[in-house]
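Take this structure first; my questions come after.
Note that the coordinates shown come from a computational prediction; the quantities given were computed from them, not determined experimentally.
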Amino acid sequence: EASCNGLVFIPSTDYVAVLEHGDVHIWNGISGNYLHELKNPPALSNSASFLLQNKVSRACSYQVLRVSKNGKYLLAADRHNWRISVWSTSTWDLISTIETGYSHIEFSDDGKFIVVINSSACKIWESNTGSYVRTLDGEEFYPTTVAISSENQFVAAAGIGEFRLWNLQTGQLLEQSNWHGSSVRIY
């Protein structure tokens, strides 16, 4: 029996991506026709120490599904293997794979960047290459949610009782506020 763990519509298309039993399936949402499965890539790190240290298995089983607002990119993430896979929605080719732990993932509005929250930091990656851009961190800050401004100028993150705002291009911390009675100044 099938079990759906995630579902996203691909903007400006008739496609629906379905996360089922850890695999990503693409359907035509209008006709109901099944198109294909996005294959799980093999583990990038073949080092036994990396695999053992991070408890990475060879098989990939996705738990998170996101699509960029412009509809150009689809990502699926595997919490157990610390892997984020990104596909082009025009060709369905796997275009980048990022190995990193995460608790929350978001695309920028234009799909250019992926922001990954892990432990006490926000890490920025390029969607189309998987290239690491920078880490936005702060002492004793544990973000639980994140957003990128529509023009890719700012990254905002919030955690328990705290908000932070950075300049995406420079990584400079612009604002750090406590939720309890403080105001937040947006640049």
Side-chain angles (χ1 to χ4, degrees), residues 5-12 17 19 24 44-45 50 53-56 62-89 94-187:
N5 304 99
L7 176 75
V8 294
F9 284 96
I10 311 297
S12 303
L19 184 61
V24 179
L44 293 178
S45 295
F50 178 88
Q53 180 182 19
N54 294 302
K55 298 182 178 141
V56 174
Y62 298 117
Q63 296 90 30
V64 175
L65 196 59
R66 299 273 188 275
V67 65
S68 61
K69 288 182 183 177
N70 63 8
K72 290 183 179 181
Y73 304 108
L74 176 72
L75 74 72
D78 179 355
R79 281 195 174 95
H80 304 296
N81 288 326
W82 295 29
R83 178 181 304 152
I84 300 167
S85 301
V86 181
W87 291 271
S88 163
T89 59
L94 180 67
I95 57 171
S96 65
T97 304
I98 301 165
E99 284 191 349
T100 186
Y102 68 91
S103 60
H104 189 77
I105 304 169
E106 289 297 332
F107 273 109
S108 60
D109 281 357
D110 62 2
K112 183 176 179 181
F113 298 106
I114 297 170
V115 181
V116 177
I117 294 177
N118 68 6
S119 340
S120 62
C122 296
K123 293 187 177 187
I124 312 294
W125 306 82
E126 288 183 358
S127 301
N128 63 338
T129 64
S131 297
Y132 168 79
V133 176
R134 70 175 35 87
T135 298
L136 307 171
D137 59 355
E139 294 179 22
E140 297 184 29
F141 180 57
Y142 303 96
T144 55
T145 190
V146 66
I148 301 178
S149 64
S150 59
E151 68 285 349
N152 293 339
Q153 186 176 358
F154 303 110
V155 174
I160 297 172
E162 192 169 358
F163 167 86
R164 293 195 184 181
L165 181 75
W166 294 270
N167 179 304
L168 174 61
Q169 305 306 317
T170 66
Q172 177 185 4
L173 180 63
L174 302 172
E175 183 69 37
Q176 178 176 344
S177 297
N178 186 307
W179 289 116
H180 307 292
S182 297
S183 64
V184 175
R185 181 180 68 233
I186 303 295
Y187 291 78

Using 0.5 Å steps for rounding, measure from the OH atom of Y102 to the CG atom of D78. 6.0 Å
Test of understanding: with side-chain hydrogen bond (donor to acceptor under 3.5 Å, both in side chains), list the residues that count as partners of S68, not counting sequence neighbours.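 By the side-chain hydrogen bond (donor to acceptor under 3.5 Å, both in side chains) rule, S68 matches N70.
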T97 side chain near R83 side chain, heavy-atom distance below 4.5 Å: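 In contact.
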Please check this pair: side chain of T89 against backbone of G71, looking for a donor-acceptor N/O pair closer than 3.5 Å. yes
Quick check: are there more than 12 heavy atoms from other residues, nucleotides or ligands sitting under 6.0 Å from OH of Y132? yes
Any side-chain heavy atom of T145 sitting closer than 4.5 Å to one from H104?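 Yes, close enough: below the 4.5 Å cut-off.
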side-chain contact (heavy atoms from CB on, under 4.5 Å) with T170: which residues, sequence neighbours excluded? N167, Q172
Closest non-hydrogen atom pair, L136 against G171: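 L136 and G171 have their closest heavy atoms at CD2-CA, 3.5 Å.
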Between OH on residue Y142 and CD1 on residue I160, distance to nearest 0.5 Å: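 Rounded to the nearest 0.5 Å, the OH-CD1 separation comes to 10.5 Å.
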What is the distance from atom CD1 of I84 to atom CD1 of I114, rounded to the nearest 0.5 Å? 6.0 Å
Is the shortest side-chain heavy-atom distance between V115 and K123 below 4.5 Å?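 No; the side chains remain at least 4.5 Å from each other.
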Can a donor-acceptor pair be found, under 3.5 Å and without considering hydrogens, that links the side chain of Q169 to the backbone of N152?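 Yes, the answer is positive, given that a donor and an acceptor are paired below the 3.5 Å cut-off.
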Are any of the side-chain heavy atoms of L75 and I98 separated by less than 4.5 Å? no
Hydrogens and angles aside, do S85 and Y62 bring a side-chain donor and acceptor to less than 3.5 Å of each other? yes
Partner residues of D109 under the salt bridge (charged side-chain N to carboxylate O under 4.0 Å, His left out) criterion, sequence neighbours left out: K69
For the pair S96 (side chain) and S127 (backbone), establish whether a donor and an acceptor sit closer than 3.5 Å, ignoring hydrogens and angles. yes
What I'd like to find out is whether the side chain of T100 reaches to under 4.5 Å of the side chain of W82, using heavy atoms alone. no
Indicate yes or no: at least one non-hydrogen side-chain atom of F9 is less than 4.5 angstrom from one of V67.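 Not in contact.
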Donor-acceptor contact below 3.5 Å, side chain R134 vs main chain L168: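 At least one qualifying donor-acceptor pair exists.
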